[in-house]
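To find a chain, count down the sequence lines: A is the first, B the second, and so on, and within it residues start at 1.
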2 protein chains.
Amino acid sequence: MTGHRLQPQDLAATFAALGDQRRLAIVARLQEADELSVSSLREGMEVSRQAVSKHLRILADAQLVSVVKSGRETRYSLEPKRVEEANAYLALVATKWDRALERLKSHVGQETPDA
Amino acid sequence: MTGHRLQPQDLAATFAALGDQRRLAIVARLQEADELSVSSLREGMEVSRQAVSKHLRILADAQLVSVVKSGRETRYSLEPKRVEEANAYLALVATKWDRALERLKSHVGQETPDA
DNA sequence: AGAATACGCAACCTTTCGGTTGCTTTTTTC
DNA sequence: GAAAAAAGCAACCGAAAGGTTGCGTATTCT
């Protein structure tokens, strides 16, 4: 289950896509509703529709959302794969750090960490 | 223990700080070693020391690393709090999405997708 | 058919980002 | 004490980010 072969560039792109308040807000809205159009996502945000479209494009490029065109609307929904991959990475960072800390605490001057 | 009151702006800043390959590499290096100086972090990276310093500044501003000055060196180490908070958020996103999917699967024809 | 809705595309603007070079300061080494 | 090492600061640069406006195009409503 841990066989994710996630390229560092994809990971960086994922975090970069999440690294914007507006896009986080979009993600939050998409959690509540299954699918939302550009215009409905724009409601409540004080930016133009094009700005929202651009953000959605960025999220889609990062494969954080998926797009379905339905008539004159374009519906966006969350795509969890990348979210889970990013999640797994952060869990790994936290875990490794934890181990590093324990190593540090138990025997401080022990193991010349060259390698 | 889940009482994290994490501001969306901090969350966005955290992800933004992680949204760069170079900085991800720095984080990766800091996982292995407990503490590293700017110059030792620069080794193996094909950028100037100042560039590395800037990245570390960004990571420090996002509270992803902590700084300790020791003599003429400045040592950086991972600060896990924000990593864990970001991790918790992504877990939440994945979970909520999961529930949304179940909702969707159980009663599909409910909400007239027209067309 | 005509009007309105939903959206994409392109151009443009300003700010930020990632990076560089040059210089200064502090600490360590010889 | 002089040289070298480690790093901060400031200015500068090109590219990308985030935003806007204007216009074109398909789809839906009446």
State yes or no: do B:L59 and B:M45 share one hydrophobic cluster built from I, L, V, M, F, W and Y residues joined by side-chain heavy-atom distances below 4.5 Å, directly or via other members? yes
Whole Å only: how far is the CG atom of A:D61 from the P atom of D:dG18? 13 Å
Is A:I58 reachable from A:V52 through a run of I, L, V, M, F, W or Y residues, each pair having side-chain heavy atoms under 4.5 Å apart? no
When the distance from CD1 of B:I58 to P of C:dG19 is rounded to whole Å, what number comes out? 9 Å
Are A:R29 and A:E32 within salt-bridge range, i.e. N to O under 4.0 Å? no
To the nearest angstrom, the CZ-C1' distance between B:R72 and D:dA6 comes to 6 Å
End axis versus end axis in the helix from C:dA1-D:dT30 to C:dC30-D:dG1, the angle rounded to 10°, five pairs used at each terminus: 30°
Given the rule in the side chain to side chain contact (heavy atoms under 4.5 Å, CB included) test, do B:R23 and B:L18 qualify, once you have shown the distances and angles that lead to the verdict? CA-CA 6 Å; B:R23 287 195 289 271; B:L18 291 172; over 6 Å; no
Does the side chain to side chain contact (heavy atoms under 4.5 Å, CB included) test come out yes or no for A:I26 and A:Y76, once each step is laid out? CA-CA 10 Å; A:I26 289 176; A:Y76 292 84; over 6 Å; no
Under a 4.0 Å heavy-atom cut-off, which of residues 13-26 of chain A touch DNA chain D? A:D20, A:R22, A:R23
Starting at atom CD of A:E46, determine the distance to atom C1' of D:dG19, rounded to an integer number of angstrom. 14 Å
Strictly under 3.5 Å: I want the nitrogen or oxygen pairs between protein and nucleotides 8-12 of chain C, one per line.
unit_1 : atom_1 : unit_2 : atom_2 : d
C:dG8  : OP2    : A:S53  : OG     : 2.8
C:dG8  : N7     : A:R49  : NH1    : 3.3
C:dG8  : O6     : A:R49  : NH2    : 3.1
C:dG8  : O6     : A:Q50  : NE2    : 3.4

Indicate, with yes or no, if B:L41 and B:L78 share a hydrophobic cluster defined by side-chain heavy-atom contacts under 4.5 Å among Ile, Leu, Val, Met, Phe, Trp and Tyr. yes
Phosphate-side-chain proximity, A:S48 and D:dT21, N/O vs OP1/OP2 below 4.0 Å: no
Answer yes when A:E73 and A:R75 have at least one side-chain N-carboxylate O distance shorter than 4.0 Å, and no when they do not. yes
Flag, side chain of B:S40 to backbone of B:L36, donor-acceptor distance under 3.5 Å: no
For the pair B:T14 (side chain) and B:D10 (backbone), establish whether a donor and an acceptor sit closer than 3.5 Å, ignoring hydrogens and angles. yes
Atom-to-atom span, CZ of A:R75 to P of C:dC7 - whole angstrom: 9 Å
Please give, in whole Å, the distance from D:dA17 P to A:H55 NE2? 12 Å
Determine whether A:L64 and A:V68 fall in the same hydrophobic cluster, where Ile, Leu, Val, Met, Phe, Trp and Tyr are linked whenever their side-chain heavy atoms lie under 4.5 Å apart. no
Atom CZ of B:R49 and atom CZ of B:R42: how far apart are they, to the nearest 0.5 Å? 9.0 Å
